[in-house]
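My questions all concern the structure below.
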Amino acid sequence: MPRISVTKLAPALGAEVSGIDLHLPIDEETLSALKDAWASHLVLRFRGQALTDPQLLAFSRLLGPLDPPGPNPYGKPFLEDFPEINVISNVKVGGAPIGNLGDGEAVWHCDMTYVEAPPRAALLHALEIPSSGGDTFWSNMYTAFETLPDAMKKRIAGLRAIHDATYNSAGVMRKGMSEVTDPRKAPGAQHPLVIKHPDTGRAALYLGRRRNSYVLGLELEESEALLDELWAHASRPEFTFRQVWQQHDLILWDNRCTLHRRDAFDPAARRVMHRTQIKGTPVAPAFEAA
Ligand code: OGA
Ligand code: MN
């Protein structure tokens, strides 16, 4: 297999990997080069990979055991034959959505941080894309942490926050949930605000999602103000990479040290993505509580 080449896509994060055909078996040396590129760039893009579902699953499994999709609002897998695959789509068949997230904006988030061991990675494969809109953005949470003022780094080092399970990133209530009126009582895992990345050992800001987040031990107002400040910082444009999709792009991202969001798009257009995710480990703090 020819050597892969890796080209940066944005100063903050993201790289294009070429010289690889993901339909073919991948040797150990190439896999290890891919993992190194992934650790350095956090988001990898592979263009022109028209993968079948079994091929998407086979490639995903090289990165670790799959983590099945979280419960969708409809209570059963979108693909009966491939329950490990999630569908992200606005398309409806007979009035019923074939996937999650619709056509609206998906706000900044990290996937499934409302559980104790959120997925380590996700892969999104573009099968059909609108002619414009629906761009996806990732933000680098190592850089976000490193560029905080020292006083803020110290302030948040030992703090933990609730990661609300109630709503998905499109604002849709998850199955079995009810409305949250007080973020202090939101259901969901509690994680450190600054985590230690299990592979690289680096500190990363770990925010999850803004809605119904709450920093434990603070007055609600104080928590809201702190979170607003951290979110404004974490979503600064210079920390981000913007993905303008082409059909058959495959994107792999690290779900521990990045956030992502998606633009809205024309409801009359079709956008169909097949998605897998890789099991993670419980989240560990970068610093012990004082
Ligand atoms: C996801 C997600 C955004 C998109 O798959 O986790 O947030 O661009 N997708 O569809
Ligand atoms: Mn997501």
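For the single chain, residues carry numbers from 1 onward in sequence order. It should be emphasised that the depicted structure is a prediction, and the values quoted were computed from it without experimental measurement. Ligands are counted one by one from 1 in listed order, and the atoms in each one are counted from 1 as well.
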- prompt: Can you pull the ring pair (Phe, Tyr, Trp, His ring centres under 6.0 Å) pairs that have at least one residue in residues 266-285, sequence neighbours excluded?
  reply: none

- prompt: Any side-chain donor-acceptor pair under 3.5 Å between H260 and S169?
  reply: no

- prompt: In total, how many protein N/O/S atoms does one find closer than 2.8 Å to the Mn ion (ligand 2)?
  reply: 3

- prompt: In the hydrophobic clustering (ILVMFWY, side-chain contacts below 4.5 Å, transitive), which residues join L216, or is it alone?
  reply: I162, Y214, L220

task: Could you tell me if the ring centre of H191 sits under 6.0 Å from that of Y206?
output: yes

task: Taking the side chain as every heavy atom from C-beta outward, state whether R275 and M273 have any atom pair closer than 4.5 Å.
output: no

message: Classify the ring geometry of F59 against F46: parallel below 30°, tilted from 30° to 60°, perpendicular beyond 60°.
response: perpendicular

message: Treating H197 as the side-chain partner and T200 as the backbone partner, does any N or O pair qualify as donor plus acceptor under 3.5 Å?
response: yes

task: Measure from the ring center of W253 to the ring center of W138 and say whether it is less than 6.0 Å.
output: yes

statement: Sorted by chain and residue number, the residues having a heavy atom closer than 4.0 Å to an atom of ligand 1 are I88, L101, H109, D111, L124, T136, W253, H260, R262, R271, R275

field: Test item: N255 side-chain N/O and P119 main-chain N/O as donor-acceptor pair under 3.5 Å
entry: yes

